[in-house]
Amino acid sequence: MEERYFITPPGGIKIKWGVPTDLQELYRQMKLWLEDKGFAKETSLEKKYDERIKPGGKEIFIRWEAGKDASDYFSYKIIIEFLLVAIKEIEVQEGSIKRKLSTGTLEVDIISYIEYGKKWGGLGPLSRIYYKIIAKQRLKDYADDLYDKIYKFQNFIKDFIGLTA
């Protein structure tokens with residue numbers, strides 16, 4: 001009786017940009033943010049990495065899966081997908097420092113939901129009573145909490161890459 005309550009639209013929220021970006025630092029900062037909030041461990045985050053060399057530059061797809069238990073009944077889940085198209089390395093002079101940045105089309109999709117009922121699935125009528133009486137209010141509280149965290153994460157990414165609004 002495991003169910004999902006989506007915080008983001010099921011297709012996710014998208015951040016798309018095409019300006020030169022320090023992808024390695026963005027990747028590192030996003031990973032640190034998730035680790036600091038308890039959603040991931042360094043070794044368990046990346047579930048898929050696919051890189052292809054194309055005539056116009058590299059094409060990279062990365063999928064992260066993160067999550068944590070909010071209680072015995074509710075778990076937070078976050079899926080982050082990176083799609084990087086026509087990626088090329090460039091050097092940019094910033095004052096007296098040369099930095100290597102990546103340019104191309106970059107997209108980050110964030111999907112977030114609350115999973116519940118997994119651990120209580122075998123209880124039958126008792127779990128239905130719990131859900132109808134208590135869990136609905138708790139689900140709303142947990143949904144508000146995860147919503148706040150996800151949109152702070154989105155703003156963190158936008159701030160890093162210099163997107164506004």
Side-chain angles (χ1 to χ4, degrees), residues 2-52 54 56-90 92 94 99-118 135-165:
E2 181 178 312
E3 296 187 39
R4 292 179 176 179
Y5 180 84
F6 281 89
I7 303 303
T8 61
I13 52 176
K14 296 183 185 316
I15 305 168
K16 190 172 183 176
W17 69 102
V19 296
T21 305
D22 187 342
L23 287 180
Q24 290 179 336
E25 186 62 18
L26 173 63
Y27 190 91
R28 190 178 78 74
Q29 289 295 324
M30 288 174 64
K31 186 182 263 190
L32 285 173
W33 192 96
L34 290 168
E35 289 172 5
D36 287 348
K37 304 296 185 227
F39 287 103
K41 295 183 176 94
E42 185 176 342
T43 58
S44 65
L45 189 60
E46 192 171 281
K47 298 299 179 188
K48 185 173 184 176
Y49 182 92
D50 186 29
E51 181 176 320
R52 296 184 179 151
K54 303 249 178 161
K58 288 183 187 176
E59 186 174 292
I60 303 169
F61 175 81
I62 303 168
R63 180 183 174 98
W64 287 355
E65 294 179 9
K68 71 177 180 179
D69 289 339
S71 72
D72 286 342
Y73 194 73
F74 298 99
S75 296
Y76 294 161
K77 302 292 181 183
I78 303 171
I79 297 170
I80 301 163
E81 294 180 340
F82 300 84
L83 180 60
L84 314 165
V85 180
I87 300 300
K88 295 179 183 174
E89 299 294 320
I90 61 170
V92 176
E94 292 181 353
R99 293 183 59 198
K100 286 189 177 185
L101 301 178
S102 299
T103 187
T105 302
L106 310 135
E107 184 177 308
V108 175
D109 296 335
I110 304 168
I111 302 165
S112 178
Y113 58 91
I114 295 175
E115 199 172 71
Y116 60 97
K118 181 178 183 179
K136 278 191 177 181
Q137 182 56 45
R138 288 194 178 157
L139 177 60
K140 183 188 176 326
D141 295 341
Y142 286 124
D144 291 345
D145 180 51
L146 185 55
Y147 179 91
D148 185 52
K149 286 177 170 63
I150 288 302
Y151 285 93
K152 282 182 181 175
F153 184 54
Q154 179 191 31
N155 288 332
F156 172 80
I157 296 166
K158 285 181 171 182
D159 287 346
F160 182 89
I161 59 177
L163 290 178
T164 55

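All values below come from the heavy atoms of this structure, side chains included, with hydrogens, waters and symmetry mates left out.
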inquiry  = Using every non-hydrogen atom in the two residues, find where W33 and K149 come nearest and quote the distance to one decimal.
reply    = CH2-O, 3.4 Å

query = Does NZ in K47 sit with more than 12 non-hydrogen atoms of other residues, nucleotides or ligands closer than 6.0 Å?
reply = yes

message = Looking at K88, I want to see if its NZ is surrounded by more than 12 non-hydrogen atoms of other residues, nucleotides or ligands under 6.0 Å.
response = no

query = What's the shortest heavy-atom distance between A40 and L45, and which atoms?
reply = CB-CD1, 3.5 Å

ask   = With a cut-off of 6.0 Å (strictly less than), are more than 12 heavy atoms of other residues, nucleotides or ligands near OH of Y49?
value = yes

query = Which pair of non-hydrogen atoms, one from S112 and one from T8, has the smallest distance, and what is that distance?
reply = N-OG1, 3.0 Å

ask   = Say you draw a straight line from CZ of R63 to CD1 of I80; how long is it, rounded to the nearest 0.5 Å?
value = 10.5 Å

key: Option among I87, V19, L83 that satisfies the side-chain contact (heavy atoms from CB on, under 4.5 Å) test with L106   = I87

query = Within a radius of less than 6.0 Å around CD of Q24, do more than 12 heavy atoms belonging to other residues, nucleotides or ligands occur?
reply = no

task = Quick one: closest heavy-atom pair of W17 and V108, and the distance?
result = CH2-CG2, 3.7 Å

task = Return yes if some donor-acceptor pair links the side-chain N/O of K58 with the main-chain N/O of L84 below 3.5 Å, else return no.
result = no

message = Whether the side chain of D148 engages the backbone of D144 through a donor-acceptor N/O pair (distance < 3.5 Å, no angle test) should be reported.
response = no

Lys/Arg-Asp/Glu bridge criterion (N-O < 4.0 Å) met for D50, K48 = no

query = If you look at every heavy atom in P20 and L101, which pair is closest and at what distance?
reply = CB-CD1, 3.9 Å

query = What distance do I110 atom CD1 and I157 atom CD1 have between them, rounded to the nearest 0.5 Å?
reply = 4.0 Å

task = For the residue pair W64 and Y27, categorise the inter-ring angle as parallel (less than 30°), tilted (30 to 60°) or perpendicular (more than 60°).
result = perpendicular

query = In Å and rounded to the nearest 0.5 Å, what is the CD to CD1 distance from E65 to I111?
reply = 10.0 Å

request  = Go through the structure and list residues passing ring pair (Phe, Tyr, Trp, His ring centres under 6.0 Å) with F39, not counting sequence neighbours.
outcome  = none

Stepwise side chain to side chain contact (heavy atoms under 4.5 Å, CB included) check, R138 with F74 = CA-CA 9 Å; R138 288 194 178 157; F74 298 99; 3.8 Å; yes

ask   = Within a reach of under 6.0 Å around NZ of K100, are more than 12 heavy atoms found that belong to other residues, nucleotides or ligands?
value = no

key: Ring-ring centroid check F160 F156, cutoff 6.0 Å   = no

key: Taking every non-hydrogen atom, the tightest pair across M30 and F82   = CE-CZ, 3.5 Å

